[in-house]
**Student:** 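Questions regarding the structure given below will be posed in turn.
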Amino acid sequence: MTTSATLLTLAQGPVQDFLFGKGGLNAGTPGSEMASTVDGLFMAIFWISMFMFVLLMGLTLYFVFKYRFKPGVPSQRSVSHNTPLELFWTVVPLVVMTWIFFEGFWSYMDMQTVKAGAEPISVSASMWQWKFTYSNGAFSPETQQIAGKLQPVFVVPAGKPVHLTLTSKDVIHSFWVPAFRNKRDVFPNRYTTYNFEALPLTEDDKWHDPIPEVKRAYHNLRYQYRDHYLFCAEFCGNQHSEMAAIIRVVEPEVYVKIVEGWGTPDLITPKEKIEWLRLKYGCISCHSLDGSPSAGPTWMNLFGYEFDYMDGTKKTVDENHIRIAIITPNADIRADFQREG
Amino acid sequence: MTTTNDPDMIANEGHGASPGASNGALHDAHHDVSYLTPKGGFWATVWDWATTIDHEKIGVMYLCAILFMFFLGGMLALLIRLELWVPNTVIIGVEGDFLGRFIKHDSLAEAGNTFNRVMTLHGAIMVFLFIIPSIPAALGNFFLPLMIGAKDVAFPRLNLLSWYIYVFGAIFAVSAILLGGVDTGWTFYTPYSSAVAADHANIVLMVLGVFILGFSSIFTGLNFVVTVHKLRCPGMGWFDMPLFVWAIYATAIIQVLATPVIGITTLLLVFERLFGIGIFDPNLGGDPVLFQHFFWFYSHPVVYIMILPAMGIISEVIPIHSRKRIFGYRAIAFSSLAIAAIAFLVWGHHLFAAEGPLVAVLFSALTFLVAIPTAVKVFNWISTLYKGSIRLDTAMLYTLAFLWTFSVGGLTGLPLATLATNLQLHDTYFVVAHFHYTMFGGTVIALLSGLHHWWGKMFGREYAERPAQIGFWLVFIGFNLTFLTQFILGIHGMPRRYASYVPEFQQLHQISTIGSVILASGFLLHLLVFVHSLVAGPKAKPNKWGGLTLEWETSSPPIEHNFHHEPLVKHGPYDFDDFVPPQCDPDEFARPDPPQEHPPTP
């Protein structure tokens, strides 16, 4: 692998920067230890393809120009079959493709292998939300705007292998962090795994400044971080394109403190607690607080109000109604949420 | 010249559509008129077409049907591109958006749903109703019997039946659209399609539509296999067949062998949906990945159902328009069969991110194999141009464009077949761009090449060359602008099937949308050129390009019984060096001097 690794690094340069789009929270910033290997292989394939493409199209254009139709000038006789030539252009691509296959195979196996001492995190996906559960049972109450929608923020340690166990609560989703150059489908009733090691933070990475007025301890830390997008890559219904999150890479010691902080969310206001519970139980994916439309009724102007229901009755939303709605969400369906089938 | 006398003579005999009283024994005068000649009044003509068992009419009916479906799917594609002009959903998305006001929503929960439906229907229409039947059912039906010198396909009634089954299946699919559409994606992945998606009746209708369309495909394939085996005219051995026939033959084999699997799969999906039998739904003990295996066991070979006939057209157009015998005839013929065989072994490469290492490694290796015969074909085509006399007619321009777009499509398959890079690019716009370069840049570009190549033969009218060439440049530039940017979008990290996206991707999306509008204008121009040709085009010559294959021996348009006399093959399909093409001015297609030592033997 050493010789090919050298070959792979040769492929880097401004063309790669153009193709990957420098910077940003997506693929433009390589974020994992495997990223440069995968990018190198991609660029090697790119240049091989470029060479072939220019060769083929150059020949085509040359022939089309050189042998263009001229009145009265016939085509010339030439062989229509040449075994050595045909063998040559069958065997050479075969050799090149064998090399590409093995390069891809080795890197793939590296990505599938769990490294010793990897940090285990459970990831669950549901329509249309990601959730990380850390080894102490904690999960993230933090959110951040992505394209106008509040999405969860998950921390992962820098420079330390991480082993994710993925499962879905409903349909198939796909866990994809473009910066990590890896993707894994997430299934209901089945576990799949995803391994990565986030690159160490550098001087260029942003700083999180302490927020003294907030009561959670980890907010008072000053630490460096780097954000990456997490996307769902397998079509999963209505809000598939909004099933995103931020993966926040922080130093391992900061990671430990933040996850500890998330594990003890006591000293918070009722309003913060609501946000926390909404995230914990995933209410956020179907119910809005501000009246905006979603899969379920908004919680704005809900309690104490009267609504029409599918069975033709009018009911007022009270404590008992809420209790039943939480336990069996489809027991009473509001008339304005009627669905087929 | 003695050796070339025979084809000349045969050609002159068949010249024009004059009633062949001298060969009365071989055909009756009643069928000596063009297949397009109306039978009595309007309704009599309609009835005649609706009950015809003539492969030409059925081919033309298929052509009309698939072009209509292409128009529908294309409009949906434009809607998708317009919506993606901005990061948030504006035109098709939530209720209250522009289109949302006209489309009934079941609830407030439908955010993004209209986009998902449009995206699903674009894929389903283009794949099942347009591309799969496009070249084989339309051009294949028309030209396969002509090219092998037969009067019709082996089972003409089955041929008409398969058209009606196609229409019947299309009615199912279109009624699903009219009832509000389906939002599962054209791949119908379970358990979303079987247990979750709300459009219960529509999904059943759509999937049944696919089931029915499969039978149309099987019947067509069966018909073509038997036709090629049994109805070749005297003198035509297997290696005297035009390469288009080889390609259609290989396609037909895949159609017969692979399509039953999608039939079974869609039926299981309908049962799952209606009765909850628990094959795919994990909550009932089923396996959702099993559906993906079943689905791609058909839907991967199907991409070769789409591309092989396209390759067949390229193999016809290149030698005729460059006056050269095709380079490596047998290599091209056998590579069609090799592709058809390997096509059955690579379905798992759609599941690298779903399955574990064993499946991934096995299918990655097999996928690389399919690249070899494909590459061989491209090398052969380009070698054919060497020392030719190349005319850049619209058909040839499209064929050269095919070499460009298909090379891009093929080469970008390499990082997708490679495991490590696939995991990054899978389910991104890179994949979207890749399969549009092969499906659109391959099949549709080749279909356009074939349409221009054979237009005069099919309808007896010439099209206007100059506007058609302008149309070509609009399509070629628009296509590349639309989809080259999508490769870069995919590498940047844009997932596919997204109604909205993060603002970083907006600039590239806008370039892509501009490209799609240019592309659409090119198609509009082509439509006008074709309509103008049908209404006011000059009468077509019987052999405008100087072709040597048998379809050029009959009149344009062909007569009902195809040939004025039973054809007899005396030379290979591409022996332009040594034989004068039938029914055309021999001076127009100058031939090289005969070789000194060895006079050619027919």
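Letters go in sequence order (proteins before strands), and every chain restarts at 1. This structure is a prediction, so every number in the text was calculated from the model and none was measured.
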**Student:** Can you tell which part of A:Asn82 gets under 4.5 Å to a heavy atom of chain B, answering side chain, backbone, both or neither?
**Tutor:**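 Contact with chain B involves both backbone and side-chain atoms of A:Asn82.
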**Student:** Are A:Met97 and B:Ile372 side-chain neighbours, meaning at least one heavy-atom pair lies under 4.5 Å?
**Tutor:**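 Yes; the side chains approach each other to less than 4.5 Å.
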**Student:** One pair to check against side-chain contact (heavy atoms from CB on, under 4.5 Å): A:Glu86 and B:Val376. What are the steps and the verdict?
**Tutor:** CA-CA 8 Å; A:Glu86 290 179 60; B:Val376 164; 5.6 Å; no
**Student:** Taking side chain as C-beta onward, heavy atoms only, is A:Leu56 less than 4.5 Å from B:Leu403?
**Tutor:**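 Side-chain contact under 4.5 Å: no.
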**Student:** Is any side-chain N of the basic residue among B:Asp593 and A:Arg77 closer than 4.0 Å to the acidic one's carboxylate O?
**Tutor:**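 Looking at A:Arg77 together with B:Asp593, the answer is no, because their closest N to O distance does not fall below 4.0 Å.
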**Student:** Give, as side chain, backbone, both or neither, the part of A:Val73 having an atom under 4.5 angstrom from any heavy atom of chain B.
**Tutor:**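 For A:Val73, backbone heavy atoms alone lie under 4.5 Å from chain B.
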**Student:** Among B:Gly328, B:Pro191, B:Ala354, B:Ala590, who wins on heavy-atom pairs under 4.5 Å with chain A?
**Tutor:**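 Of the candidates given, the most pairs with chain A belong to B:Ala354.
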**Student:** Treating B:Gln424 as the side-chain partner and A:Pro178 as the backbone partner, does any N or O pair qualify as donor plus acceptor under 3.5 Å?
**Tutor:**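 Pair found, side chain donor or acceptor close to backbone of A:Pro178.
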**Student:** Counting only heavy atoms closer than 4.5 Å, note whether A:Met111 contacts chain B via side chain, backbone, both or neither.
**Tutor:**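 Side chain only.
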**Student:** Quick check on B:Leu400 against chain A: is it the side chain, the backbone, both or neither that has a heavy atom closer than 4.5 Å?
**Tutor:**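 Only the side chain of B:Leu400 comes within 4.5 Å of chain A.
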**Student:** Which answer fits B:Thr184, side chain, backbone, both or neither, if we ask what part of it has an atom under 4.5 Å from a heavy atom of chain A?
**Tutor:**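 For B:Thr184, the backbone is the part near chain A, not the side chain.
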**Student:** Contact between B:Thr412 and A:Ser49 at the side-chain level, heavy atoms closer than 4.5 Å - yes or no?
**Tutor:**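 No, side chains not in contact.
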**Student:** For A:Thr192, check side chain to side chain contact (heavy atoms under 4.5 Å, CB included) against everything at least two apart and list the hits.
**Tutor:**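 A:Thr192: side chain to side chain contact (heavy atoms under 4.5 Å, CB included) contacts with A:Leu166, A:Arg184, A:Phe187.
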**Student:** Determine whether B:Phe379 and A:Pro93 make a side-chain contact, defined as any pair of heavy atoms from C-beta on separated by less than 4.5 Å.
**Tutor:**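 Counting from C-beta outward, B:Phe379 and A:Pro93 do come under 4.5 Å.
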**Student:** Most heavy-atom pairs under 4.5 angstrom with chain A, which of B:Gly185, B:Ser364, B:Gly410, B:Ala195?
**Tutor:**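 Ranked by contacts with chain A, first place is B:Ser364.
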**Student:** Checking B:Asp281 against chain A: side chain, backbone, both or neither under 4.5 Å from a heavy atom?
**Tutor:**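 Neither part; nothing is under 4.5 Å.
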**Student:** With a 4.5 angstrom heavy-atom cut-off, is it the side chain or the backbone of B:Asp587 that approaches chain A, or both, or neither?
**Tutor:**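 Neither part; nothing is under 4.5 Å.
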**Student:** Of the backbone (N, CA, C, O) and the side chain (C-beta and beyond), which part of A:Trp89 lies under 4.5 Å from a heavy atom of chain B, both, or neither?
**Tutor:**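 Contact with chain B is through both the backbone and side chain of A:Trp89.
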**Student:** Measure distances from A:Leu85 to the heavy atoms of chain B and classify the residue's part below 4.5 Å as side chain, backbone, both or neither.
**Tutor:**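 Only the side chain of A:Leu85 comes within 4.5 Å of chain B.
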**Student:** Side chain from CB out, backbone as N, CA, C, O: work out which of these in B:Pro415 comes under 4.5 Å of a heavy atom of chain A, or both, or neither.
**Tutor:**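 Both parts, backbone and side chain.
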**Student:** Side chain from CB out, backbone as N, CA, C, O: work out which of these in B:Thr190 comes under 4.5 Å of a heavy atom of chain A, or both, or neither.
**Tutor:**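 Contact with chain A is through the backbone of B:Thr190 alone.
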**Student:** Where do B:Thr421 and A:Arg181 land on the side-chain contact (heavy atoms from CB on, under 4.5 Å) test, with the steps shown first?
**Tutor:** CA-CA 8 Å; B:Thr421 44; A:Arg181 308 292 191 265; over 6 Å; no
**Student:** Using the ring centroid of each side chain, check whether A:His240 and B:Tyr498 are separated by less than 6.0 Å.
**Tutor:**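 Centroid distance A:His240-B:Tyr498: below 6.0 Å, so yes.
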**Student:** Supply the atom-to-atom distance A:Met57 CE to B:Ser407 OG, rounded to the nearest 0.5 angstrom.
**Tutor:**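 Those atoms lie 3.5 Å apart.
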**Student:** For the pair A:Asn189 (side chain) and B:Pro282 (backbone), establish whether a donor and an acceptor sit closer than 3.5 Å, ignoring hydrogens and angles.
**Tutor:**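 Yes.
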**Student:** Do A:Glu234 and B:Tyr189 have side chains that approach each other closer than 4.5 Å (heavy atoms only, starting at C-beta)?
**Tutor:**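 Yes - at least one pair of side-chain heavy atoms lies under 4.5 Å apart.
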**Student:** Answer yes or no: is there a donor N or O on one side and an acceptor on the other, between the side chain of B:His492 and the main chain of A:Leu19, under 3.5 Å?
**Tutor:**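 It does hold such a pair.
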**Student:** Measure the spacing between CZ of A:Phe101 and CG of B:Leu369 and express it to the nearest 0.5 Å.
**Tutor:**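 Reported to 0.5 Å precision, the distance equals 10.0 Å.
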**Student:** Would you compute the distance between atom CZ of A:Phe180 and atom CG of B:Leu423 and round it to the nearest 0.5 angstrom?
**Tutor:**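 Separation between the atoms: 14.5 Å.
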**Student:** Between OG of A:Ser80 and OH of B:Tyr574, what distance do you get to the nearest 0.5 Å?
**Tutor:**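 Separation between the atoms: 12.0 Å.
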**Student:** Side chain, backbone, both or neither: which part of A:Leu94 has a heavy atom under 4.5 Å from chain B?
**Tutor:**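 When you check distances to chain B, atoms from both the backbone and side chain of A:Leu94 fall under 4.5 Å.
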**Student:** If you measure only the distance, is there a donor-acceptor pair under 3.5 Å linking the side chains of B:Tyr501 and A:Glu242?
**Tutor:**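 There is no such pair between these side chains.
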**Student:** Look at the aromatic rings of B:Tyr386 and A:Phe63 and report parallel, tilted or perpendicular, splitting at 30° and 60°.
**Tutor:**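 Tilted, since the angle between the ring planes falls between 30° and 60°.
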**Student:** Non-hydrogen atoms of chain B under 4.5 Å away: do they reach the side chain of A:Cys236, the backbone, both or neither?
**Tutor:**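 The backbone, not the side chain.
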**Student:** In terms of heavy-atom proximity below 4.5 Å to chain A, should B:Thr187 be classed as side chain, backbone, both, or neither?
**Tutor:**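 When you check distances to chain A, no heavy atom of B:Thr187 falls under 4.5 Å.
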**Student:** If you draw a 6.0 Å radius around OH in A:Tyr309, do more than 12 non-hydrogen atoms from other residues or ligands fall strictly inside?
**Tutor:**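 Atom OH in A:Tyr309 is crowded, with more than 12 foreign heavy atoms closer than 6.0 Å.
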**Student:** Quick check on B:Val408 against chain A: is it the side chain, the backbone, both or neither that has a heavy atom closer than 4.5 Å?
**Tutor:**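 Both parts, backbone and side chain.
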**Student:** Chain A heavy atoms under 4.5 Å from B:Arg496: which part of the residue, side chain, backbone, both or neither?
**Tutor:**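 Looking at B:Arg496, just its backbone touches chain A.
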**Student:** Out of B:Val289, B:Leu351, B:Val378, return the one with the most heavy atom pairs under 4.5 angstrom to chain A.
**Tutor:**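 Most pairs with chain A among the choices: B:Val289.
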**Student:** As a quick check of understanding, evaluate side-chain contact (heavy atoms from CB on, under 4.5 Å) for B:Val502 and A:Phe231, giving each step before the final call.
**Tutor:** CA-CA 10 Å; B:Val502 292; A:Phe231 291 132; 4.2 Å; yes
**Student:** Step by step, would you call B:Thr418 with A:Glu103 a side-chain contact (heavy atoms from CB on, under 4.5 Å)?
**Tutor:** CA-CA 8 Å; B:Thr418 309; A:Glu103 284 298 329; 5.8 Å; no
**Student:** Would you say B:Phe368 and A:Ile100 make side-chain contact, with heavy atoms under 4.5 Å?
**Tutor:**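 Contact flag for B:Phe368/A:Ile100 side chains = yes.
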**Student:** With only heavy atoms counted, which part of A:Met34 is less than 4.5 Å from chain B, the side chain, the backbone, both or neither?
**Tutor:**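 Contact with chain B involves no heavy atom of A:Met34 at all.
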**Student:** Ignoring hydrogens and geometry, is there a side-chain-to-backbone donor-acceptor pair from B:Lys387 to A:Ser75 under 3.5 Å?
**Tutor:**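 Flag not set: sc B:Lys387 to bb A:Ser75 has no pair under 3.5 Å.
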**Student:** Which region of A:Ile172, side chain (C-beta onward) or backbone (N, CA, C, O), has a non-hydrogen atom less than 4.5 Å from a non-hydrogen atom of chain B, or is it both or neither?
**Tutor:**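 Both parts, backbone and side chain.
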**Student:** Got a second to check how far B:Ile491's CD1 is from A:Gln16's CD, nearest 0.5 Å?
**Tutor:**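 These two atoms lie 10.0 Å from each other.
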**Student:** Among residues at least two apart in sequence or on other chains, which ones pass side-chain hydrogen bond (donor to acceptor under 3.5 Å, both in side chains) with A:Asn195?
**Tutor:**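 Listed in chain order: A:His163.
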**Student:** So, taking the atom named CZ in A:Phe46 and the one named CG in B:Leu411, what distance separates them when rounded to the nearest 0.5 Å?
**Tutor:**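 If we round to the nearest 0.5 Å, A:Phe46:CZ and B:Leu411:CG are 10.5 Å apart.
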**Student:** Please check this pair: side chain of B:Asn116 against backbone of A:Gly237, looking for a donor-acceptor N/O pair closer than 3.5 Å.
**Tutor:**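 Yes; at least one donor-acceptor contact below 3.5 Å.
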**Student:** So which residue, B:Phe352, B:Trp404, B:Phe487, ends up with the most heavy-atom pairs under 4.5 Å with chain A?
**Tutor:**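 Option with the top pair count is B:Trp404.
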**Student:** Sort A:Met109 into side chain, backbone, both or neither according to what part of it lies under 4.5 angstrom from a heavy atom of chain B.
**Tutor:**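 The side chain, not the backbone.
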**Student:** Should B:Met396 and A:Val64 count as side-chain neighbours, where that means a heavy-atom distance under 4.5 Å?
**Tutor:**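 A side-chain contact is absent here, since even the closest heavy-atom pair is not under 4.5 Å.
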**Student:** Counting only heavy atoms closer than 4.5 Å, note whether B:Gln507 contacts chain A via side chain, backbone, both or neither.
**Tutor:**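 Nothing of B:Gln507, per the 4.5 Å heavy-atom cut-off to chain A.
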**Student:** For A:Phe235 together with B:Tyr192, are the ring centres under 6.0 Å from each other?
**Tutor:**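 That pair passes the under 6.0 Å test.
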**Student:** With side chains defined as the heavy atoms from C-beta onward, is the minimum distance between B:Leu392 and A:Arg68 less than 4.5 Å?
**Tutor:**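 A side-chain contact under 4.5 Å is absent here.
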**Student:** Would you confirm whether B:Lys324, through its side chain, and A:Gln76, through its main-chain N or O, come within 3.5 Å as a donor-acceptor pair?
**Tutor:**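 Yes; at least one donor-acceptor contact below 3.5 Å.
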